[in-house]
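First up is the structure itself, then whatever we jot down about it.
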Amino acid sequence: MSTPHDPTDGSSPTPPAEGWITTPLTEELLRGALELERTAQGVQPHRLPARARAQAADGQLAMAEAQPSGVRLVLRTRATAVELDVLRTKMAYEGAPPRPDGVYDLLLDGEPAGQTHVPGGNVMLMDMATGSAELRPGPVGTVRFTGLPDRDKRVEIWLPHNEMTLLVALRTDAPVTPVAPGDRRVWLHHGSSISHGSEAASPTTTWPALAASLGGVDLVNLGLSGSALLDPFTARAMRDTPADLISLKIGINLVNTDLLRLRAFAPAVHGFLDTIRDGHPTTPLLVVSPILCPIHEDTPGPSLPDLSTLDEGRLRFAAMGDPEERAAGKLTLNVVREELARVVEQRAADDPHLHYLDGRKLYGEADHAELPLPDALHPDAATHRRMGERFADLAFGTGGPFTG
């Protein structure tokens, strides 16, 4: 499936050396994406299918699902050098320090073997005060990994979890073949920005990626920053996606967007679970409540950026609701946990494959004392590692709902 690279085709910002091979970027080479969109510039991995995207007139979700958290190229080759041309779109915030560049993680036969960044690309500049956004276009960049061992090997390149990434061209100095899925179970997970990766150090160190590695499963990560909102189109996407294990981490986005009231919450959870069960009637399904987040434990949303912290070179969030509003049905994290536990207990009477996990077992009060949330909402890199290890133990370990 590989063809000699034509150095005049303009697919690379710098023409490659003689003898390199260009391999078409196809579904067989990608894991973790539900759909590939072919554009004039290249291939865009999507974590939601076109039908779902068409039903979500929301810029936040469009940005989140096109950030390829958990998406990776997987191939076999003897190549000692790999180049991947990409057009990234990096987020930036007016008045805030620059965000770190997205990381590309290289795995060889499942073991970490390198990391790199890519130059160039677009910048999406967000103004948190006005909500406006400005796209500043930039050039295609090239990801390079060289000095790889000259033997047949499985190569994985994990794309940045926090940058929209358009794939332009793949080049190697030896032929490439796809890797068959094999016998590893597929874990389909949905959650908020915390599941998306938030402040994780790299794409293989988000808590779901770490848990998948420790659990020996293939991850499909539908962690969607700001967008774990019980949307029916997300439930249908999960219904239609092949999976051996499914988990849902529900709550923080419903509170910090102040989207639902108590009357609507439980029925919406039931409907989401009903839709998933239409396609996966007996698949182990784990519902995970929110991790500890002190600003919203007993205070409703919405949560908004505290713009005064920008003057200090950092961004923090604050809960804007009033605890007294709980009486009118506003949601808090404690209310969400109580309702989720009740819904799962009710349904589990007829669904023995449905399970519940209190998110505070992944990150609770003692963890917050040691590793506080830097912006009051999102865990840092060390906390992602802790959460991944704990989830792997609780879900994939002995007696866990995902024990294989």
Side-chain angles (χ1 to χ4, degrees), residues 1-7 9 11-12 16-36 38 42-47 68-86 102-116 118 142-161 165-188 202-206 208-210 212-221 241-244 404:
M1 62 181 294
S2 301
T3 57
H5 179 266
D6 177 4
D9 69 1
S11 63
S12 172
E18 189 74 21
W20 280 59
I21 295 170
T22 295
T23 299
L25 291 156
T26 62
E27 289 82 355
E28 291 80 11
L29 293 179
L30 280 169
R31 301 276 177 87
L34 297 193
E35 189 173 278
L36 299 186
R38 304 193 179 279
V43 176
Q44 176 67 63
H46 287 286
R47 294 187 295 131
S69 183
V71 179
R72 61 273 189 198
L73 278 79
V74 182
L75 49 96
R76 294 208 71 87
T77 183
R78 293 191 66 94
T80 61
V82 179
E83 292 189 348
L84 181 66
D85 293 342
V86 298
V103 175
Y104 293 77
D105 279 340
L106 174 70
L107 302 184
L108 298 181
D109 294 325
E111 296 297 324
Q115 290 184 331
T116 192
V118 66
T142 300
V143 179
R144 291 185 176 91
F145 291 108
T146 59
L148 310 185
D150 183 11
R151 57 173 170 80
D152 181 63
K153 55 194 171 292
R154 176 187 172 115
V155 176
E156 298 179 39
I157 300 176
W158 286 63
L159 306 178
H161 61 283
T165 305
L166 188 75
L167 306 177
V168 178
L170 171 65
R171 291 184 301 277
T172 52
D173 61 358
V176 160
T177 58
V179 176
D183 58 0
R184 286 164 63 104
R185 295 179 297 167
V186 174
W187 171 33
L188 175 62
S202 75
T204 60
T205 58
T206 68
L210 284 166
S213 177
L214 293 169
V217 297
D218 275 340
L219 173 67
V220 178
N221 188 5
T241 299
D244 302 294

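Quantities reported herein were computed from a predicted structural model and do not represent experimental measurements. Side chains are part of it too, since the values below use all heavy atoms of this structure and drop only hydrogens, waters and symmetry mates.
Summarising the geometry, atom CD belonging to Glu27 is positioned 4.5 Å from atom CG belonging to Leu36; distances are rounded to the nearest 0.5 Å. A distance of 10.0 Å separates CH2 in Trp158 from OG1 in Thr205, rounded to the nearest 0.5 Å. Residue Arg154 holds its CZ atom at 12.0 Å from CD of Glu111, rounded to the nearest 0.5 Å. One finds the CD atom of Gln44 at 7.5 Å from the OG1 atom of Thr165 (value rounded to the nearest 0.5 Å). One distance of note links CG of Asp105 with CG of Leu159; it measures 10.0 Å at 0.5 Å rounding. Taking CG of Leu29 as the reference point, atom CD1 of Ile157 lies at 10.5 Å (rounded to 0.5 Å).
Listed for the Asp85 side chain is no donor-acceptor partner under 3.5 Å among the backbone atoms of Val168. Side chain of Ser213 to backbone of Leu210: no donor-acceptor contact under 3.5 angstrom is found. Without hydrogens or angle criteria, Arg72 side chain to Gly70 main chain gives a donor-acceptor distance under 3.5 Å.
Arg76 and Glu28 are not joined by a salt bridge, as no carboxylate oxygen comes within less than 4.0 angstrom of a charged side-chain nitrogen. Salt-bridge formation is not detected for the pair Asp109/Lys153: no Lys NZ or Arg NE/NH1/NH2 atom is positioned less than 4.0 Å from an Asp or Glu carboxylate oxygen.
Glu83 has its side chain within reach of Trp20: a pair of non-hydrogen atoms, C-beta onward, lies under 4.5 Å apart. With contacts defined as side-chain heavy-atom distances shorter than 4.5 Å, the pair Leu167/Pro45 qualifies. Using a 4.5 Å heavy-atom cutoff, the side chains of Leu106 and Val155 are in contact. Val103 places a side-chain heavy atom less than 4.5 Å from the side chain of Pro203. Here the side chains of His161 and Pro68 are not in contact, with every heavy-atom distance at 4.5 Å or above. Between Val220 and Trp187, the closest side-chain pair of non-hydrogen atoms is not below 4.5 Å. Counting heavy atoms from C-beta on, the side chains of Leu34 and Thr241 come closer than 4.5 Å.
When Asp150, Asp173, Thr172 are each tested for a side chain to side chain donor-acceptor pair (under 3.5 Å) with Thr80, only one passes: Asp173. When each of Val82, Thr23, Leu170 is paired with Leu75, the side chain to side chain contact (heavy atoms under 4.5 Å, CB included) condition holds for Leu170 and for no other.
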Requested in this report: Before giving the answer on side chain to side chain contact (heavy atoms under 4.5 Å, CB included), spell out for Leu30 and Val74 the whole-Å C-alpha distance, their side-chain angles and the decisive distance to 0.1 Å.
Outcome: CA-CA 6 Å; Leu30 280 169; Val74 182; over 6 Å; no

Query raised in the report: Can you list the steps and then say if Val143 with Val86 is a side chain to side chain contact (heavy atoms under 4.5 Å, CB included)?
Result: CA-CA 7 Å; Val143 179; Val86 298; 4.2 Å; yes

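When all heavy atoms of Leu188 and Ala243 are compared, the pair lying nearest together is CB-CB, 3.7 Å. In this structure, Leu108 and Pro149 approach most closely via the heavy-atom pair CD1-CD, 3.7 Å. Nearest heavy-atom pair across Pro242 and Val186 is O-CG1, 3.7 Å. Residues Pro175 and Thr77 share a closest heavy-atom pair of O-OG1, 2.8 Å. Scanning all heavy atoms of the two residues, the minimum distance from Pro24 to Thr22 falls at CD-O, 4.0 Å. A pairwise comparison of heavy atoms in Tyr104 and Phe145 identifies O-CZ, 3.8 Å as the closest pair.
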